[in-house]
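Here's the structure we're looking at; comments come further down.
Letters go in sequence order (proteins before strands), and every chain restarts at 1.
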Number of protein chains: 2
Amino acid sequence: MPAAVDVGELVERARRGQPRAIARLLSLVEDGHPQLREIAAALTPHTGHARVIGLTGPPGVGKSTSTSMLVSALRRAGRRVGVLAVDPSSPFSGGALLGDRIRMTEHAVDAGVFIRSMATRGHLGGLSVATPQALRVLDGAGFDDVLIETVGVGQSEIDIVRLADTTVLLLAPGMGDGVQAAKAGVLEVADVFVVNKADRDGADATVRELRQAVAFGHREAGGPPWRQPIVRTVASRGEGAGDVLRALDEHAEWLADSGESRRRRAARAVGEIEAIALHRLRGELAGVGGGRLTELAERVVDRAVDPFTAADELLTNLHTT
Amino acid sequence: MPAAVDVGELVERARRGQPRAIARLLSLVEDGHPQLREIAAALTPHTGHARVIGLTGPPGVGKSTSTSMLVSALRRAGRRVGVLAVDPSSPFSGGALLGDRIRMTEHAVDAGVFIRSMATRGHLGGLSVATPQALRVLDGAGFDDVLIETVGVGQSEIDIVRLADTTVLLLAPGMGDGVQAAKAGVLEVADVFVVNKADRDGADATVRELRQAVAFGHREAGGPPWRQPIVRTVASRGEGAGDVLRALDEHAEWLADSGESRRRRAARAVGEIEAIALHRLRGELAGVGGGRLTELAERVVDRAVDPFTAADELLTNLHTT
């Protein structure tokens, strides 16, 4: 049994910007601490102000350098910035070499920046439960912008992108298969395109390709349409940061004017409630049916029963408790 | 209401190797046809014979070319081969340019090969429900080997890799972030490493890096340990195909001798039963709580309630029905 936490005090300290209190809250929500819901309840009245920006793109486009550039630009604009790195290839999360982490150390001593790396495994209930909670902590702690960095290839990553108010898709010239990978589902959720490494050969072709893809892309239903801008950057030299910020601000304005902002936040809440409910049901399945599940699995392996019938039997146990 | 299907006849035709019957069964299970469980029950007695091989690796390593090479080699060995492409960057699935699909057309007229592309979105219950069902169809149809191709970056992709008896991780020299991305979770589940494009500069370094990572890697608990081999290939020229097949056969032997085969299939069954049960519970949530969920989400957006309390209310509805 974990020790009881003074949630009210912790939230108060986080709201005063104390990094240790913020880090502690993030650990508590990620680990599914027994006081998780008390924490959520204490944070909720202070939330709803942060702008959530999703940064996504295939490995190799310079996501971490772009994140770093964006953090610097937002800081210069006087905004407090939180970063959630849920990209397995990010230097901020577990997957990368230690040396790469150094790129972000320029922000390490800035109290207006908080960076959190979220491993893609081991969270109670998975990232679909943990990420919205982490977002709530940073929002409640008063950050103006929260950047979520994710690799943008794969289903769960796209689900995370859907948490954002504004999604930025990063691409780079000459990515070959990488660009194709990004196209398979992320193009349709992206609000702003950034072609990084724009000083390289092939940048014009990438922009052209994107423009064509966008032309065939979907439009928001109802309200004035949003035309996804394509911004060029050279993040390693900080070039284009101002253009990215401008695109983000224009999208924020459009979100507010069109009513899309509220629609997106409601969709996010639906996803979060569902994830929590399903996580709890999964816990009940494991509790009620744990031993039974192992036994049923053995019978499925022996082809004595098909998995649908096995699932039936498992649910019968659940519903009669 | 979809038209009723003569399941027995369809399964019989699939077992005689008729591609149209196999394709129809795959569509039915992917779409969650009302007769889904009847199909599963009819297939189950004929399953358990296929060797399931997962092929994974970051975009750009030559996964599709390697898959094609492996299909050719297995065909030369007289084996019938099914391919499930769940890689959004694969030429066989939705994400890629039409032109790339041509790479696989050499197998298009071979009745001993069946290739199926699975979109990463839009499946009832997601890939965690659809992929094991598709696997059951190909297994039940009598394919000796089923290759599952996936990009191997991201949580849901790793879950799919766990369906395999043997997992092959493909890498290539000079992938930079790509190799790092692959490291974050897939290294630990890989049974065989393939360094493709081994004629390029940096191949030795990639092999060395891998050898080091493997030395620090985990060992199977109990039984004789499995030492992951590292095979070099140049898939575009078909070089190394024999070495890959040999590694696969050795691993199959080890699986059988160590008892690990049964353990993996039981774990797969646990995952499948859980996915089906959770999918059904999700359906109940939507049915019982559909309108209620929208209403609760609005209250969460207004910060009138936190999502945990909202989930409670949703589940109360479910449990009292």
With respect to B:Ile276, which candidate in B:His279, B:Glu274, B:Glu272 satisfies the side chain to side chain contact (heavy atoms under 4.5 Å, CB included) definition? B:Glu272
Highest number of heavy-atom pairs under 4.5 Å with chain A: which of B:Val301, B:Thr44, B:Ile273? B:Ile273
Part of A:Arg280 lying under 4.5 Å from any heavy atom of chain B: side chain
Just give me the residue among B:Pro307, B:Ala304, B:Ala311 that pairs up with chain A most often, heavy atom to heavy atom, under 4.5 Å. B:Pro307
Main chain of A:Thr47, side chain of A:Asp139: is a donor-acceptor contact present, judged purely on distance under 3.5 Å? no
Are the charged groups of B:Arg37 and A:Asp312 less than 4.0 angstrom apart, N to O? yes
Proximity breakdown for B:Glu313 and chain A, heavy-atom pairs closer than 4.5 Å: neither
Side chain, backbone, both or neither: which part of A:Val300 has an atom under 4.5 Å from a heavy atom of chain B? side chain
Applying salt bridge (Lys or Arg N to Asp or Glu O under 4.0 Å) between B:Asp165 and each of B:Arg264, B:Arg263, B:Arg265, report the one that passes. B:Arg265
Step by step, work out the side-chain contact (heavy atoms from CB on, under 4.5 Å) result for B:Val11 and B:His46. CA-CA 10 Å; B:Val11 168; B:His46 308 298; 4.3 Å; yes
Checking heavy atoms, do the side chain of B:Arg299, its backbone, both or neither come under 4.5 Å from chain A? neither
Does atom CZ of A:Arg200 have more than 12 heavy-atom neighbours, drawn from other residues, nucleotides or ligands, at distances under 6.0 Å? no
Contact leader toward chain A among B:Ala297, B:Ala310, B:Ala266, B:Ala41, where contacts are heavy-atom pairs under 4.5 Å: B:Ala297
What residue, out of B:Thr309, B:Leu296, B:Leu43, B:Val270, has the most heavy-atom pairs lying under 4.5 Å from chain A? B:Val270
Quick test of your reading of the model: are A:Asp302 and B:Arg262 salt-bridged, counting only N-O distances below 4.0 Å? yes
Considering only heavy atoms, which portion of A:Arg268 lies under 4.5 Å from any heavy atom of chain B: side chain, backbone, both, or neither? neither
